[in-house]
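Both backbone and side-chain heavy atoms feed into the values below; hydrogens, waters and symmetry mates do not.
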Amino acid sequence: MNTVRHILQVKGDYIWSISPEATVYEALRMMANKDVGALAVMEGERLVGIISERDYARKVILHGKASKDTLVREIMTTELYPVHPDQTVEECMELMTYKRTRYLPVMEGDRLLGIISIGDVVKDIISRQRRIISTLEDRLKESGPSTI
């Protein structure tokens, strides 16, 4: 059973972050440059929120605001559901489903280790299922033809 730590090892340990005082436009530009859908919002070393493309679509565009005039702190998601790096991928999937969130901050104490997305979780589950299927197929081949 894979853990959040495994996902972070696979995707890398970099954390893309932005200040709550930055403009939404700056956040969007960084997301585009880094090819990510969300950024950690940090005040110094402290995680204060997450800003995602969904936040932009729902809280800027639909309200007729301008991204160059709106600050990240005005639209960031502050209701976060942190997970520990030793939690299982299945626990994360369950939490994401139950809380209807697409991003989970990975925390060890007060330290942000990374952010995992629903895509990261699904990718991990599919990869594990493929390995299991391959192992089972190999075992079937080794056991010879079926007598059923």
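Looking at every heavy atom in both residues, Ala27 comes nearest to Ile51 through CB-CD1, 4.1 Å. Minimum interatomic distance between Val4 and Cys92 (heavy atoms only, all atoms of both residues): CG2-SG, 3.3 Å. Of all heavy-atom pairs between Met96 and Ile118, the closest is CE-N, 3.4 Å. Annotation for Ala38 and Ile50: closest pair CB-CG2, 3.9 Å, computed over non-hydrogen atoms. Across every non-hydrogen atom of Pro20 and Val48, the tightest pair is CG-CG2, 4.3 Å.
Taking a 6.0 Å sphere around CG of Asp138, one finds it holds more than 12 heavy atoms contributed by other residues, nucleotides or ligands. Heavy atoms from other residues, nucleotides or ligands lying under 6.0 Å from NZ of Lys65 number more than 12. Surrounding CD of Glu21 are more than 12 heavy atoms belonging to other residues, nucleotides or ligands, all under 6.0 Å away. Atom CZ of Arg58 has 12 or fewer neighbouring heavy atoms from other residues, nucleotides or ligands inside a 6.0 Å radius. Crowding of Asn33 atom CG: a count of heavy atoms from other residues, nucleotides or ligands under 6.0 Å exceeding 12. The local environment of CZ in Arg131 is crowded, with over 12 non-hydrogen atoms from other residues, nucleotides or ligands closer than 6.0 Å.
Between Val24 and the choices Leu71, Asp69, Ile75, the side-chain contact (heavy atoms from CB on, under 4.5 Å) rule is met once, by Ile75. Put simply, the residue from Thr88, Thr3, Val106, Leu113 that forms a side-chain contact (heavy atoms from CB on, under 4.5 Å) with Val83 is Val106.
Under 4.0 Å is where a charged nitrogen must lie from a carboxylate oxygen, and between Glu108 and Arg5 at least one such pair does.
Distance alone, capped at 3.5 Å, is enough to place a donor-acceptor pair between the Tyr14 side chain and the Lys11 backbone. Between the Ser143 side chain and the Leu140 main chain, a donor and an acceptor come within less than 3.5 Å of each other. Thr70 places a side-chain N or O within 3.5 Å of a backbone atom of Ala66 that can act as its donor or acceptor partner.
Once rounded to the nearest 0.5 Å, the distance linking CZ of Arg102 with CD1 of Ile115 reads 14.5 Å. In this structure, Arg128 CZ and His6 NE2 are separated by 9.0 Å, a value rounded to the nearest 0.5 Å. Once rounded to the nearest 0.5 Å, the distance linking CD1 of Ile132 with OG of Ser127 reads 10.0 Å. Going from atom CG of Asp120 over to atom OH of Tyr103 covers 9.0 Å, rounded to the nearest 0.5 Å. The CD atom of Glu91 sits 11.5 Å away from atom CG of Leu104, with the distance rounded to the nearest 0.5 Å. To the nearest 0.5 Å, atom CE of residue Met42 and atom OG of residue Ser19 are 11.0 Å apart.
At a threshold of 4.5 Å between side-chain heavy atoms, the hydrophobic network of Ile, Leu, Val, Met, Phe, Trp and Tyr places Ile15 and Ile18 in two separate groups. Linking ILVMFWY residues whenever their side-chain heavy atoms come closer than 4.5 Å, directly or via other members, places Leu8 and Ile126 in the same cluster. Under the 4.5 Å side-chain heavy-atom criterion for ILVMFWY residues, no single connected hydrophobic cluster contains both Val10 and Ile125. Cluster annotation: Tyr25 is not connected to Ile61 through the hydrophobic network of ILVMFWY side chains, with a link wherever side-chain heavy atoms come within less than 4.5 Å. Cluster annotation: Met107 is not connected to Val89 through the hydrophobic network of ILVMFWY side chains, with a link wherever side-chain heavy atoms come within less than 4.5 Å.
Two residues are said to be in side-chain contact when any heavy atoms from C-beta on lie closer than 4.5 Å; Thr23 and Arg29 fail this criterion. Within the 4.5 Å cutoff, the side chain of Leu39 has heavy atoms near those of the Met31 side chain. Taking the side chain as every heavy atom from C-beta outward, Leu80 and Leu47 approach each other to under 4.5 Å. With contacts defined as side-chain heavy-atom distances shorter than 4.5 Å, the pair Ile7/Asn2 does not qualify.
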- [ ] Carefully, step by step, assess Arg46 and Leu112 under the rule side chain to side chain contact (heavy atoms under 4.5 Å, CB included).
- [x] CA-CA 8 Å; Arg46 189 170 66 95; Leu112 178 66; over 6 Å; no

